[in-house]
Protein chains: 2
Amino acid sequence: MLAAVKMAKHHPDAKWVYEKVSREIPNISLGTVYRALAALSAEGLIREYRRADGPSLYDPNTEDHFHIRCRSCGRIEDVPPVQLPDDMLESIRRASEFARVDQVRLEFGGICSACAEKTRE
Amino acid sequence: MLAAVKMAKHHPDAKWVYEKVSREIPNISLGTVYRALAALSAEGLIREYRRADGPSLYDPNTEDHFHIRCRSCGRIEDVPPVQLPDDMLESIRRASEFARVDQVRLEFGGICSACAEKTRE
DNA sequence: AATGATAATAGTAACGGTTATCAATAACGA
DNA sequence: TCGTTATTGATAACCGTTACTATTATCATT
C-alpha cells in the first residue's frame with residue numbers, strides 16, 4: 001500500500017490506490033485502503049491532503065512543501081516551501097482571540113502551462 | 001436571505017440560513033437557500049468558504065481577510081490580512097510548471113482562548 | 001492438530017453535504 | 001386572457017467517506 005502511494009508521481013486518491021493494489025490483492029476492499037492510508041498518514045509516512053471539492057489526496061512527499069492548483073484542469077503540483085514572515089503567527093495571535101496560533105495552511109492557484117497553451121490556440 | 005447572512009456575527013452554513021429564513025418564509029426549501037447563497041456569492045455580496053471537513057460557510061465579510069480555526073472546537077474567526085512577501089507569487093511561478101500564479105489561500109490553526117482555558121482546569 | 005481469543009477484513013449500508021431533477025406554481029408580456 | 005419563461009418546493013441522486021457486521025485470518029496455548 002505504501003509502495004503504491006510512493007510510486008505515484010502525482011497525488012493519488014483512495015480510488016487510484018485501490019485500483020493499483022487490487023492488481024495484487026484482487027479482492028481487497030476500498031474500506032481497507034482507506035484504513036491503511038489513514039494509518040500511514042498517522043505514522044507520518046505519507047500525508048493526507050483534504051480538499052473541499054473532491055476526494056482526499058495522499059501525498060508521498062512528506063517534506064515541507066505547498067501545493068498549487070490549476071483552476072482550469074484541477075491538476076495539483078508541489079511547490080517548495082516559502083519563507084513566511086517570522087512574526088506572522090505571533091501577529092495573528094495578537095490580532096485574534098486565540099491563545100495559540102501554530103498552524104499555517106497555504107496554497108496557491110493559477111493556470112498550468114499546459115492549460116495556458118490550450119487557451120492560446 | 002442576504003439579510004440573514006449579514007446579520008450573523010459568525011460564519012453561518014446553509015442550514016443555519018435555512019432555519020433563519022424559514023421563520024419568515026415557512027415553506028422555503030433548502031435547495032432554494034443553496035441557490036440563493038450561490039447567487040449572492042457570484043454577485044460578490046457574500047463569500048462562500050468551502051471546507052473539507054464540514055459544510056460550506058458563508059461569510060458576510062467580503063473584505064480581504066483570512067480565517068483561523070480552533071483545532072479543538074472547530075470555531076472559525078476572522079483575522080486581518082497579512083502582508084505576504086511581494087515576490088511570493090512570482091517566485092512560486094518560477095519554481096513551478098505554471099504559466100500564471102495569481103491566487104493564494106492562507107489559513108491559520110491554533111487553540112482559541114476558550115478552549116485553552118478549558119484544558120487548563 | 002485442535003481450541004479459543006483477538007484482530008483484521010470484505011461487503012455493504014449509512015452518512016453528511018450538495019446538486020440534479022421535475023412537476024407545480026408564479027411572473028411576465030403580448 | 002393566454003402562452004411562455006422562470007422560479008420554486010419536494011425529493012431523489014450523487015460523491016466521498018465512515019460505520020457496521022458477519023466472516024475469516026492470525027496466533028499463542030493446550
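Every chain is numbered from 1 and lettered A, B, ... according to where its sequence line falls, protein lines coming before strand lines. Just so you know, these numbers come straight off a predicted model, no measurement behind them.
A salt bridge between A/Glu19 and A/Lys15 is absent, with no side-chain N of the basic residue lying under 4.0 Å from a carboxylate O of the acidic one.
Here D/dT11 presents its C1' atom at 16 Å from CD1 of B/Ile28, a figure rounded to the nearest Å. The CG-C1' distance, from B/Leu30 to D/dG9, rounds to 11 Å in whole Å. With rounding to whole Å, B/Asp53 atom CG is found 16 Å from D/dC15 atom C1'. In this structure, A/Tyr49 atom OH and D/dT17 atom C1' are separated by 18 Å, rounded to whole Å.
Counting non-hydrogen atoms under 4.0 angstrom, B/Arg50 reaches the backbone sugars and phosphates but no base.
Side-chain nitrogen and oxygen atoms of B/Tyr34 include none within less than 4.0 Å of the OP1 or OP2 phosphate oxygen of C/dT19. Considering only side-chain N and O atoms, B/Thr32 lies nowhere under 4.0 angstrom from the phosphate OP1 or OP2 of D/dT7. Listed pair B/Ser29 / D/dA10 fails the phosphate criterion, with no side-chain N or O lying under 4.0 Å from OP1 or OP2.
Among the nucleotides D/dT17, D/dG9, C/dT18, the one closest to any side-chain atom of B/Pro55 is C/dT18.
For the residue pair A/His65 / A/Asp59, a side-chain donor-acceptor distance below 3.5 Å is found, with atom types taken as modelled. Of the N and O atoms on the side chains of A/Thr32 and A/Arg35, at least one donor lies less than 3.5 Å from an acceptor on the other residue.
Two residues, B/Val33 and A/Lys15, neighbour DNA chain D, and the one matched to the more 5' nucleotide by heavy-atom proximity is B/Val33. When each of B/Asn27 and A/Tyr58 is assigned the nucleotide of DNA chain D bearing its nearest heavy atom, the one mapping closer to the 5' terminus is B/Asn27.
Checked by atom type and distance alone, the side chain of A/Glu97 never pairs as donor or acceptor with a backbone atom of B/Cys112 at under 3.5 Å.
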